[in-house]
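Some notes on the structure that comes next.
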Amino acid sequence: MGNSDQSIVPEHSLDRDCTTLSRHVLQQFSSFTAEAQDISAIMSRIALAAKLISRRLSRAGLMAGALGFTGETNVQGESVKKMDIYANEVFISVFKQSGLVCRLASEEMDKPYYIPENCPIGRYTLLYDPIDGSSNVDINLNVGSIFSLRQQQGDDLNGEAKDLLQNGDGQIAAGYILYGPSTVLVYSLGKGVHSFILDPSLGEFILADENITIPEHGPVYSVNEGNYWQWEESIREYIRYVHRHDGYTSRYSGALVGDFHRILMQGGVFLYPGTVKKPEGKLRLLYESAPLAFLAEQAGGKASTGKERLLDFIPEKLHQRTPLAIGSVEDVELVESFIKDWARRTSEAAAKETISSNS
Ligand code: FBP
């Protein structure tokens, strides 16, 4: 059958149906180097983890013991869900006997996990949040997994993973999986942001959107307003501003991945500010905020701690938390302007106070 227009299957849709994740990753490299093969193989293993978790989530309500709490508390001080542990172990299992990833660090593990048979060949470290939005798991609402790939530097003999305490520009790849009505995988290798949808009939992630860009501005602001009285006045002022101005609407799903995906596709801003009690906020930098910030910037958006570019932030510890404002450039800059303005007014007032108390 020549490629004449008599072809039964329109060429473009066949070509699209054949654009699997591993093929698309290889296409990102100019040639099939060892690095290209490694990254493509690593992404295929992440896709396998996503399929296993998606299958478990879709049947969890019918399986005994798949939902609910384990009774344990993790390094974050949070009660652990059984799905958190299942998903965490899936990510470890898919990389066994791979020679690819030597070390895995996740929200559910105090210290990194080493896969001896992969070390030292596997020079890559995978940082991940196996189930993001855990509070949604037992009630069948959307959840996600977030991942970030980095090159291991040094031998990390003491297991302190100090080489991971770097800014976010050192990420080689980042992405997330959204377990929603369909299972979507979004990733970037620093060459644009691309999304794939799991076609259950093929068992393959097939290309859906390439070079996704975040609109300059969007109507959505996504934040847990239940924390209103715990925030600094600057954030309260921002929220009062969007309440009083037309064109803004609130959306908050309780799962960062779901809220970020909406903003990636439609624009707007997601916010998880620090609170007076917890100025660092809740979200973990290395396997929640930094991977999404990498995607946001690759899609023409912005990510900030409120005071600085999030990808410039250097963590002091593996499970470091930071405040997060992420999404459309205009909307993130609006949040930053309220924080900067409040800091300026507060320091001016303090200076006036000092002068008047000295006079
Ligand atoms: P988990 O990774 O433990 O689920 O925590 C992260 C998260 O659930 C985000 O997905 C979500 O945006 C946020 O915490 C919700 O926190 P809160 O319930 O305080 O609004």
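Note that the structure is a prediction, hence the values are computed from the model and not measured. Heavy atoms only: backbone and side chains are in, while hydrogens, waters and symmetry mates are out. In each ligand, atom 1 is the first atom listed, and ligand 1 is the first ligand listed.
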Under 4.0 Å, heavy atoms only, figure out whether ligand 1 is touched by the backbone of E107, its side chain, both or neither.
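For E107, only side-chain atoms sit under 4.0 Å from ligand 1.
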
Between [Y] and [X], does any NZ, NE, NH1 or NH2 come within less than 4.0 Å of an OD or OE carboxylate oxygen?
X    : Y    : result
E232 : R236 : no
E160 : K111 : yes
E107 : R284 : yes
E330 : K302 : no

For D259, state whether at least one heavy atom is located under 4.0 Å from any atom of ligand 1.
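Not so, D259 does not reach ligand 1.
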
Could you check whether any heavy atom of S135 sits closer than 4.0 Å to an atom of ligand 1, since that is the contact criterion I want to use?
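Distance cut 4.0 Å: S135 fails for ligand 1.
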
Nearest heavy atoms of I177 and A50, plus distance in Å
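Heavy atoms of I177 and A50 come nearest at CG1-CB, 3.8 Å.
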
For the student: nearest non-hydrogen atoms of N88 and S106, plus distance:
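It is OD1-OG, 2.7 Å.
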
Go through ligand 1 atom by atom and flag the ones less than 4.0 Å from a non-hydrogen atom of [X].
X    : result
D129 : 2 (O)
G254 : 8 (O), 10 (O), 11 (C), 15 (C)
N224 : 17 (P), 19 (O), 20 (O)
E78  : 3 (O)

Give me the residue, atom name and distance of the protein heavy atom closest to [atom].
atom                    : answer
atom 5 (O) of ligand 1  : R284 NH2, 3.2 Å
atom 6 (C) of ligand 1  : E288 OE2, 3.4 Å
atom 14 (O) of ligand 1 : K282 NZ, 2.9 Å
atom 19 (O) of ligand 1 : Y272 OH, 2.6 Å
atom 20 (O) of ligand 1 : Y252 OH, 2.6 Å

Nitrogen or oxygen of [X] less than 3.5 angstrom from that of ligand 1:
X    : value
F270 : no
N227 : no
L256 : yes

I'd like to know if the side chain of Q171 and the backbone of G168 have a donor-acceptor N/O pair within less than 3.5 Å.
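Side chain of Q171 to backbone of G168, a donor-acceptor pair under 3.5 Å: yes, one is there.
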
What orientation do Y176 and F260 show, parallel under 30°, tilted 30 to 60°, or perpendicular over 60°?
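Perpendicular.
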
Among S304, S289, P323, which residue satisfies the side chain to side chain contact (heavy atoms under 4.5 Å, CB included) criterion with L310?
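So, applying the side chain to side chain contact (heavy atoms under 4.5 Å, CB included) to L310 and each of S304, S289, P323, only S289 qualifies.
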
Under a 3.5 Å cutoff, is there a donor and acceptor pairing between the side chains of S58 and Y179?
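No.
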
